[in-house]
**Q** 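Below is the structure I would like to discuss, written out as structure tokens.
The figures that follow rest on heavy atoms only: side chains count, while hydrogens, waters and symmetry mates do not.
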Amino acid sequence: MGIAPSMKTKTYLLFFLVLFTIPSLHAQLCQGSLGDPIVNITFGAGPNPGPSLSAAATNYIFRSGDCPDDGFYSVVNRTSSCFGNSWHSISSDHTGDANGYFMLVNASQQPSAFYVDTVDVFCNNTTYEFAAWIMNMIRLTTCSSNPIQPNLTFLIERTDGTVLQTFSTGNIPNEPVPAWRQYGFFFTTPADVSRVVVRIINNAPGGCGNDLALDDITFRPCGPLATAAINGFPSNDVDLCEGETGQFNFSSTLSPGFTDPHFQWQRSINGNTWTDIAGANDLSYTADVDATTTAAQYQYRLTISKIENSNTPVCRVASNVLTIRINPNPVLTVSGNGAYCEGENAVLTVRGAKDYSWNGPSGFTSVDSVLNFTGLQTVQSGTYSVEGTTAAGCSAFAQTTLQINPKPVAMAQPSEISICEGNQTTLTASGGTKYQWLPTVFLSSPAADVTLASPTDSIQYMVKVSNSFSCSDTAYVLVNVLKKPVANAGADKYLLLGSTTQLNGTVGGTNVSYTWSPDLFIDDVSTLQPVVNPQADQTYILEVSSNEGCGSVVDSVKVKVFKGIYVPNAFSPNGDGLNDYWNIPGLNVFTDYEILVFNRYGQKVYHSKTITKPWDGRIKGKEQPTGIYPYIIHIRETGTKLTGWVMIVR
């Protein structure tokens, strides 16, 4: 048909639907019914910019871009800010396809044809509509608000150049926003014409303005107005659900125009090719829908042609479309069913539809897709049914089951008990068939209903009691461990006769009492740090008793009484175990003193601030010879200084 090889053709159905949804029609367009386009030039689709047209289609120069200069054209799917934003910016073609191409024309200085195509016509003596969508690209403020407006002439010619029909658009006004407008006319082909030339001429001169976009050039049969309807229904669309049955009577009216017309009903499934329905050749037709009809969109229309063109589908015009949609029933998916224990939470979820209606045990109802159950009870056990409905009103049913098993009542005895440290007690649980004590430490049988507990410190045990449904409950036992009494009378004491010292007793255990004995030369037997002043060596006993019945314990401390400080003047460090050390016991009374011993040369041979390591007659491990060794003892607490000598005898 002389269409440039680089062009692609959009579906006829898309253009047909767009045609009847655009209210802005111009010029001598068909007022009756149209047939499918013999030619539908859409310029194709793809990435921006698009390819050039064939050389025969235009004498303008191709430019690969979205802002062509005077006398140039582009094939694009959008424009943006051309010539300082003096053109409209367009984001898609006429049909709204962001990838769809259109022809963008910047007019030449002299009027000329900018689009030419040769079209084959197959129907003799048939009226055709020729139409195209045009946009004035100039913005209102461009050219000082007085631009040159595009002005086009459409011509239909024989191949020898003889003009069959002509139509002028007049000035195409510019708009405040981008606007596509359809322009066209209709004409009747002579009986001897099977091919025509379509020519679009730009009449306006070049200059500021006269720039346009061209899209969707169609050449289609035009005939009487055929109006189809579904009898008994207010609209031309009917919705059914899978499995439903029905019988639909279609009828059509036809305005005058065809003598002895030929009728043919057609069907299209899911927008695919229209096919003739065998034997459906009247103004009416009955479509049967049975329970096995597949979910799909079934469209029907009546096509009409002159009797001589009845076997040529492209010569037909068509009525409006009648639609019967068989909508699929929902497929519901329910999750969350199963066995639960009393008191647990559960979630039931249904998917696959738009709206839901639940019914369940004890009068349960809901319209939610997600059911949240908290603190389940056994009365909620049973079957839950849900009806799901789609937006088209089709429904399906599904069901699920919740099994709510009883929960055991855990009991533990005793709930609280006290035992003495080192003892044990019996713990008993009941209420189920399986038991687990936690923590397991200090238990004889942690997985039994009866166990012996012997903790060393107070502890709370938990027992998990399970039944035959694996449902569980817990109970607790607090075991208080009473610590045994502990007595510590403190370190032995030393004092000089007539002075005092303080005992340093400490005790331990749970709820204990204590006392000192004997009650001699002691200021208070009921305090842990009493002051004593015995007249001779004395042993004091600290007795600690448990007030909880956990026994008693004693500890003692010795108090050594010195009448004075005796410094021995000799010792025999010979290793016989007798008098091997120079020891001064009376110094134990004091805490701040210093002992210094010298040899006859005045060299220091012994130095100590404690009597816990008395002198063994050595210097750095070397035995000192028999002889006399002077000493000095400083008692800083009293300011006393003792001097003398000590003899080593070997």
Side-chain angles (χ1 to χ4, degrees), residues 11 13-14 17 96-97 230 232-250 266-275 277 285-301 321-342 344-405 469-470:
T11 62
L13 180 58
L14 173 62
L17 294 176
D97 182 358
I230 306 174
F233 289 87
S235 72
N236 293 330
D237 288 17
V238 175
D239 281 287
L240 295 178
C241 298
E242 256 183 314
E244 291 185 343
T245 61
Q247 190 175 74
F248 299 91
N249 296 314
F250 304 151
Q266 292 183 322
R267 184 176 74 171
S268 171
I269 301 177
N270 291 332
N272 293 320
T273 304
W274 288 98
T275 58
I277 301 174
Y285 173 70
T286 298
D288 290 314
V289 176
D290 60 32
T292 63
T293 304
T294 305
Q297 176 176 268
Y298 298 86
Q299 293 182 305
Y300 299 84
R301 68 179 183 180
V321 175
L322 308 177
T323 302
I324 297 177
R325 278 181 292 269
I326 310 299
N327 297 287
N329 293 321
V331 178
L332 302 184
T333 302
V334 181
S335 61
N337 60 313
Y340 296 86
C341 295
E342 188 178 14
E344 289 183 340
N345 302 332
V347 178
L348 292 182
T349 302
V350 61
R351 293 287 184 267
K354 178 177 178 291
D355 300 307
Y356 303 95
S357 177
W358 289 88
N359 288 284
S362 303
F364 174 84
T365 60
S366 177
V367 295
D368 296 325
S369 61
V370 179
L371 306 182
N372 290 289
F373 296 92
T374 58
L376 288 167
Q377 303 298 315
T378 54
V379 294
Q380 294 173 287
S381 288
T383 299
Y384 290 78
S385 300
V386 59
E387 179 183 13
T389 305
T390 65
C394 300
S395 61
F397 289 87
Q399 65 181 29
T400 188
T401 301
L402 289 182
Q403 177 62 44
I404 316 303
N405 295 313
F469 301 107
S470 296

**Q** Between atom CZ of R301 and atom CD1 of I277, what is the distance when rounded to the nearest 0.5 Å?
**A** 11.0 Å

**Q** Could you measure the distance from the CD atom of Q299 to the OG1 atom of T323? Nearest 0.5 Å is fine.
**A** 4.0 Å

**Q** Does some side-chain heavy atom of N249 sit less than 4.5 Å from a side-chain heavy atom of Y285?
**A** no

**Q** Measure up the F373 and Y384 rings against each other and bin them: parallel (under 30°), tilted (30 to 60°), perpendicular (over 60°).
**A** perpendicular

**Q** First locate atom OG1 of T401, then atom CG of N337, and finally report the distance between them rounded to the nearest 0.5 Å.
**A** 7.0 Å

**Q** Does any donor atom in the side chain of N270 or Q297 lie under 3.5 Å from an acceptor atom in the other side chain?
**A** no

**Q** Could you state the interatomic distance from CG (L371) to OG (S366), rounded to the nearest 0.5 Å?
**A** 4.5 Å

**Q** Does the side chain of S385 come under 3.5 Å of the side chain of N359 through a donor N or O and an acceptor N or O?
**A** no

**Q** I'd like to know if the side chain of T292 pairs up with that of D290 as donor and acceptor (distance under 3.5 Å, no hydrogens or angles considered).
**A** yes

**Q** Cation-pi check for W274 against R267: NZ or CZ below 6.0 Å from the six-membered ring centre and within 45 degrees of the axis, yes or no?
**A** no

**Q** So, do S235 and F233 sit near enough that their side-chain heavy atoms are less than 4.5 Å apart?
**A** no

**Q** Does the side chain of L240 reach to within under 4.5 Å of the side chain of Y298, using non-hydrogen atoms?
**A** no

